[in-house]
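These notes are about the structure you will find just below.
Note that the structure is predicted; figures quoted are calculated from it, not measured. Protein chains get the first letters and strands the later ones, always in sequence-line order, with residue 1 at the start of each. Hydrogens, waters and symmetry mates play no part in the numbers below; they use all other heavy atoms, side chains included.
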2 protein chains.
Amino acid sequence: MAATPRGAGDRSRSAQRPAPQAERRADARRNIKSILDAAQLCLARDADASVADMAKAAGVGRVTLYGHFKTRADLVDAVLTRTMEQSDAALDATDTTGDPREALTRLVGASWRIVHQLHSVLRAAHRELPPERIRAVHDRTLQRVQTIIDRGRDAGAFRDDLPQRWMVTTVFSLMHAAAEDTAAGRLDADDAARVISATLLAALTAPGTAVPAPAP
Amino acid sequence: MAATPRGAGDRSRSAQRPAPQAERRADARRNIKSILDAAQLCLARDADASVADMAKAAGVGRVTLYGHFKTRADLVDAVLTRTMEQSDAALDATDTTGDPREALTRLVGASWRIVHQLHSVLRAAHRELPPERIRAVHDRTLQRVQTIIDRGRDAGAFRDDLPQRWMVTTVFSLMHAAAEDTAAGRLDADDAARVISATLLAALTAPGTAVPAPAP
DNA sequence: CAGAACTCGAACACGTTTGTTCAGGTTGAC
DNA sequence: GTCAACCTGAACAAACGTGTTCGAGTTCTG
């Protein structure tokens with residue numbers, strides 16, 4: 001324990017000190033953020049990146065990393081949290097009112113870039129973190145989609161014959177599928193948002209004349 | 001060279017079996033196909049299963065496994081190949097003629113059980129085998145879907161404003177998403193085929209009145 | 001200057017997995 | 001019975017990942 005760097009929070013002592021130490025702590029925190037950014041980038045490139053890889057990407061020693069994050073899971077969790085915060089920030093800026101179909105289109109457009117760049121991070125987290133944690137972090141984003149869908153349903157614009165959860169799953173599934181197709185060169189990244197929206201709108205809006213009824 | 005067992009099995013003389021010491025011995029005499037079945041089951045339960053796990057599941061020594069398959073990748077590849085063969089066999093039995101929408105529905109119904117049970121195997125393979133290999137093994141199944149979609153397009157039943165490849169991706173993506181939702185208890189397995197079909201038909205059929213047209 | 005705070009590389013202990021080698025056991029063919 | 005094919009567990013080497021410890025360096029502060 002003697003060799004363990006004290007970590008980011010030693011606030012007990014600096015309560016009264018005016019500027020100098022506070023600056024250092026600010027530095028440390030900024031440092032951590034930039035480390036997280038690097039780790040995020042690293043995980044985005046390779047979901048199997050080791051702690052050593054992330055440390056190198058951050059230009060930092062592996063030991064230093066373990067000083068800030070007790071375990072690899074902690075680090076991944078922090079990266080995930082940061083990722084979702086950024087995502088939420090971007091999504092908060094999009095208007096989700098008005099016509100549900102247009103709202104969904106806008107939301108997809110805003111989400112696409114994020115998913116496109118970070119779905120690898122999510123995959124890494126999905127494999128290494130407990131499911132309830134994943135669920136918790138996704139909650140806000142999930143809720144956002146669900147709200148639009150519910151609203152569209154009430155307005156009669158979205159179909160009523162499928163489970164809500166499945167409709168939400170559909171949205172996320174197609175986004176990630178598009179991300180993988182893009183990474184594999186099978187889909188143009190610039191066209192993806194349009195394609196996803198067009199597919200989703202058709203899939204989720206109220207059944208039209210084109211759908212054959214399997215009933216008698 | 002000494003470590004490599006010569007033959008694939010002793011199927012020619014297995015007619016008489018007087019009094020085997022234990023069942024494990026009998027298990028040990030099973031042929032490669034049944035080993036692959038066990039490995040398949042093992043991978044279906046846990047995509048991260050080690051060679052030791054698969055050997056144990058097959059009731060066979062790890063060394064014996066390495067006698068049949070030079071590396072772990074070879075084993076996974078063999079399991080994948082067998083999986084796709086079974087899948088193809090099941091899919092060959094389904095009628096893909098007639099109305100493209102109904103054909104797609106039938107194909108989804110037939111595929112669902114397979115994907116439902118084996119998508120974990122596919123994930124394992126996806127992570128450990130080179131992408132072109134995955135692509136090659138999937139080719140027949142891919143082609144099957146593509147054929148229906150192309151036919152539906154020509155008939156004017158399926159929409160024309162999305163890349164074919166994306167439409168194929170949509171089919172597979174939703175199937176796997178449903179498999180995961182089912183595993184997580186968010187979707188009823190018995191209802192899945194209906195839900196998938198209903199979603200896909202809406203997503204892929206020609207735009208109806210419910211879809212807001214972006215152009216005149 | 002002294003010391004706290006933070007950092008660093010090197011190296012260690014530990015676990016897991018892959019793939020190989022070895023010495024021996026069972027089985028059916030001849 | 002003998003022999004070869006086939007199987008087996010035990011044990012090994014090598015690689016890789018995680019987490020910890022050590023000794024030493026830097027930098028800012030008092």
Side-chain angles (χ1 to χ4, degrees), chain A residues 1-14 16-32 34-35 39 42-43 46-56 58-76 124 127-128, chain B residues 1-32 34-35 39 42-43 46-56 58-77 124 127-128:
Chain A
M1 51 187 92
T4 304
R6 304 307 181 278
D10 53 317
R11 16 185 163 14
S12 57
R13 188 195 191 92
S14 59
Q16 294 181 342
R17 293 291 175 270
Q21 294 205 354
E23 253 181 34
R24 285 207 61 155
R25 283 194 294 117
D27 263 10
R29 244 182 246 141
R30 180 159 33 103
N31 223 358
I32 290 185
S34 70
I35 287 178
C42 193
L43 280 181
D46 176 16
D48 290 327
S50 69
V51 175
D53 292 332
M54 290 186 266
K56 202 161 89 177
V60 124
R62 201 165 58 97
V63 183
T64 306
L65 222 52
Y66 274 109
H68 290 303
F69 308 97
K70 232 176 132 53
T71 97
R72 176 204 168 83
D74 279 5
L75 174 56
V76 173
R127 207 170 52 215
E128 304 186 43
Chain B
M1 55 183 98
T4 304
R6 316 294 184 287
D10 45 308
R11 34 197 167 347
S12 57
R13 40 165 165 276
S14 61
Q16 182 149 10
R17 202 179 304 137
Q21 282 267 94
E23 262 191 12
R24 293 181 62 181
R25 291 300 179 218
D27 280 352
R29 298 297 175 217
R30 292 188 304 180
N31 56 19
I32 291 188
S34 65
I35 288 180
C42 191
L43 280 181
D46 176 16
D48 290 328
S50 68
V51 175
D53 293 331
M54 290 186 269
K56 202 162 86 177
V60 126
R62 203 165 57 95
V63 183
T64 306
L65 223 51
Y66 275 110
H68 290 305
F69 307 97
K70 231 175 131 52
T71 98
R72 176 204 168 83
D74 278 4
L75 173 56
V76 173
D77 192 295
R127 207 170 53 218
E128 304 185 43

- Residue list, side chain to side chain donor-acceptor pair (under 3.5 Å) with B/Ser50, at least two apart or on another chain: B/Asp53
Considering only nitrogen or oxygen atoms on both sides, find all protein atoms under 3.5 Å from nucleotides 15-18 of chain C and state each distance.
{"unit_1": "C/dT18", "atom_1": "OP1", "unit_2": "B/Arg72", "atom_2": "NH1", "d": "2.5"}

- Item | Interatomic distance, A/Leu65 CG vs D/dT20 C1' [rounded to whole Å] | 14 Å
- Note on the structure: For A/Ala49 and A/Cys42, the nearest pair of non-hydrogen atoms, with its separation, is CB-SG, 3.8 Å
- Query: NZ of B/Lys56 versus C1' of D/dT8: gap in Å, rounded?
  - Reply: 16 Å
- Query: salt bridge (charged side-chain N to carboxylate O under 4.0 Å, His left out): which pairs involve residues 58-77 of chain B, sequence neighbours left out?
  - Reply: B/Arg72-B/Glu128, B/Asp77-B/Arg133
- Query: Counting side-chain heavy atoms from CB outward, which of C/dT20, D/dC7, C/dA10 is closest to B/Thr64?
  - Reply: D/dC7
- Query: Does OP1 or OP2 of D/dC7 have a side-chain N or O of B/His68 closer than 4.0 Å?
  - Reply: yes
- Message: From CG of A/Leu75 over to C1' of D/dG19, roughly how many Å is that when rounded to an integer?
- Response: 13 Å
- Task: Measure the distance from CG on A/Asn31 to P on D/dC28 and round it to the nearest whole Å.
- Result: 13 Å
- Message: Going by the rule side chain to side chain donor-acceptor pair (under 3.5 Å), which residues pair with B/Asp48 if we only count those two or more places apart in sequence or in a different chain?
- Response: B/Arg127
- Query: Taking all atoms of both residues into account, what is the closest heavy-atom pair of B/Tyr66 and B/Val51, and its distance?
  - Reply: OH-CG2, 3.6 Å
- Message: To the closest 0.5 Å, what do you measure between CD1 (B/Ile35) and CG (B/Leu75)?
- Response: 9.0 Å
